[in-house]
Amino acid sequence: MTHAEIEITEELVHDLLKDQHPDLAGLPIREVAGGWGNQMWRLGDELAVRMPRTEGAPDLLRKECRWLPVLAPRLPLPVPTPVRIGEPSARFPRPWSIMTWVRGEPLDYTSISRGDHAADTLAGFLRALHVEAPAEAPASSDRGAHPKRCTGGFEKFLRAIAPGGFAADVRAVRDIWDDAVAAPEWEGPPVWLHGDLHPANVVVSDGTLSGVIDFDAMFAGDPAWDLAAAWVLLPAGAASRFFEVYAHADEATIRRARGLAAMKSLFLILMGQNGERGLPGGKPTWGPAGRAALDRLLTTSSGCPSPA
């Protein structure tokens, strides 16, 4: 925890519910592992309480509460939607939310066994999400740029990973990145993006994707940022089918997506490494997911899947 974080206990959550939403205060409460800017508590069987614990989290929570009700009705997978808003108080000085609970197991704790089904499901979800965003849609301060403007982050992640952190050839990983940097810019209108698709932000049931969670990074921009999920989320061999079903990605967009997938994979490996070392914010389950994603990328390093 950083100095900006607040200790959030079951007693605190119960007291806030009792004060502001007493009709829900009798439901059982149990903490959910994971989370970054927010701490999650399961509320009964159908709801979850999201409690911001860092300084920047309340603004992201407000963004979710503003835009998820707009997006959710046309998305083909369950996503969390706000049910109630908790107001800042003397007990807790930040807004908090009560959201619908999305059933399934996070992908960083399980695996996808039905690759074709998952590819079709993810492609259908992103086709529905990736529509032109309105002018007032949120932008992102740290995501959404062309890969050439993200080289500093790529290099930082690559240098920070301990020797032996992944088996892939560093030169081959750099080649993927360099190809993305050389790809043309996105020329279409900004489209709605989840913005942070990685294994901890999707859930799996019956061997396939069954829900998408944690939309606090959502913004409007280049779809390549979400399309990187073809390698970050899906099992080996599924990327080609994904792009065939998605059908709206040109070669340049796929090249950018591959580079961004490489950068995201390095980040996952780094966070897993930090988790193994017991460092704050580290996620031990993310390391294997990142290494597997990087291996999948390298199996297609000589060319991209062909868009339909």
Side-chain angles (χ1 to χ4, degrees), residues 28-51 60-61 64-65 67-69 71-83 97-130 192-218 225-235 238-239 242 245-246 261 264-265 267-268 271-272 275 283-290 292-293 296:
I29 303 169
R30 51 197 185 278
E31 187 174 3
V32 179
W36 193 295
N38 295 282
Q39 189 168 347
M40 184 88 76
W41 295 80
R42 186 89 178 261
L43 181 61
D45 292 330
E46 305 297 333
L47 301 173
V49 179
R50 280 169 66 84
M51 303 289 293
L60 302 179
L61 182 147
E64 280 190 311
C65 291
W67 291 107
L68 271 174
L71 298 176
R74 59 179 172 79
L75 297 177
L77 282 176
V79 301
T81 53
V83 175
S97 66
I98 301 173
M99 314 282 281
T100 56
W101 176 259
V102 179
R103 297 179 182 276
E105 187 172 8
L107 181 54
D108 58 324
Y109 283 92
T110 186
S111 61
I112 292 171
S113 58
R114 298 163 62 195
D116 286 351
H117 189 280
D120 294 352
T121 300
L122 180 62
F125 177 83
L126 291 181
R127 284 189 63 164
L129 177 62
H130 290 173
W192 276 114
L193 303 173
H194 177 280
D196 196 23
L197 287 173
H198 62 70
N201 285 345
V202 298
V203 294
V204 171
S205 300
D206 298 323
T208 190
L209 293 176
S210 58
V212 179
I213 59 177
D214 201 345
F215 279 74
D216 63 10
M218 76 172 80
W225 279 81
D226 277 355
L227 298 179
W231 297 277
V232 175
L233 299 181
L234 298 176
F242 166 83
V245 176
Y246 181 81
K264 291 169 182 277
S265 299
F267 174 73
L268 291 171
M271 295 308 299
K283 306 289 185 182
T285 58
W286 291 17
R296 291 191 289 268

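Positions are given from 1 along the sequence.
Looking at heavy atoms from C-beta onward, P80 lies in side-chain contact with F215 at the 4.5 angstrom threshold. Considering only heavy atoms from C-beta on, D120 stays 4.5 Å or farther from F242 through its side chain. Between M99 and L68, the closest side-chain pair of non-hydrogen atoms falls below 4.5 Å. The shortest distance between side-chain heavy atoms of D45 and W101 does not fall below 4.5 Å. When side chains are defined from C-beta on, P199 counts as touching V232, because their heavy atoms get closer than 4.5 Å.
Between V102 and V79 the shortest heavy-atom distance is CG2-C, 3.5 Å. Pairing each heavy atom of S210 with each of V204, the nearest pair is OG-C, 3.4 Å. Taking every heavy atom of both residues into account, W192 and M218 meet most closely at CZ3-SD, 4.1 Å. Contact record, I213 with A200: CD1-O, 3.7 Å, taken as the closest heavy-atom pair. Residues P284 and P288 share a closest heavy-atom pair of O-CD, 3.4 Å. What you find for D216 and L60 is that their closest heavy atoms are O-CD2, 3.4 Å.
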Report task. Start with the C-alpha distance between H130 and Y246, add both sets of side-chain angles, then the distance that settles ring-ring contact (aromatic ring centres under 6.0 Å, His included), and finish with yes or no. Result -> CA-CA 10 Å; H130 290 173; Y246 181 81; 5.8 Å; yes
Query raised in the report: Checking side-chain contact (heavy atoms from CB on, under 4.5 Å) for the pair W41/M51: CA distance, chi angles, key distance, verdict?
Result: CA-CA 8 Å; W41 295 80; M51 303 289 293; 4.2 Å; yes
Requested in this report: Please report the C-alpha distance between R42 and E31 in whole Å, then the side-chain angles of each, then the deciding distance to 0.1 Å, and finally whether the salt bridge (Lys or Arg N to Asp or Glu O under 4.0 Å) criterion is met.
Outcome: CA-CA 6 Å; R42 186 89 178 261; E31 187 174 3; over 6 Å; no
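Judged by distance alone, with hydrogens and angles left aside, the side-chain atoms of T208 form a donor-acceptor pair with the main-chain N or O of A118 at under 3.5 Å. No side-chain donor-acceptor contact under 3.5 Å links H194 to the backbone of W225. Without hydrogens or angle criteria, D226 side chain to G195 main chain gives a donor-acceptor distance under 3.5 Å. Between the side chain of R50 and the main chain of N38, no donor-acceptor pair closer than 3.5 Å is present. Within the 3.5 Å criterion, the main-chain N or O of V245 finds a donor-acceptor partner in the side chain of R127. The closest donor-acceptor contact from the side chain of R114 to the backbone of D206 lies under 3.5 Å. In this structure, R296 contributes its side chain and P235 its backbone to no donor-acceptor pair below 3.5 Å.
To the nearest 0.5 Å, the span separating OG on S111 from CG on L107 amounts to 7.5 Å. One finds the CG atom of L129 at 11.0 Å from the CG atom of L77 (value rounded to the nearest 0.5 Å). Once rounded to the nearest 0.5 Å, the distance linking CG of L47 with CD1 of I29 reads 11.5 Å. A distance of 6.0 Å separates CG of D214 from CD of E64, quoted to the nearest 0.5 Å. How far CG of D108 is from CG of L268: 9.0 Å, rounded to the nearest 0.5 Å. Taken from CG in L209 to CG in L234, the straight-line distance is 6.5 Å, to the nearest 0.5 Å.
In this structure, a donor-acceptor pair under 3.5 Å is present between the side chains of N201 and H198.
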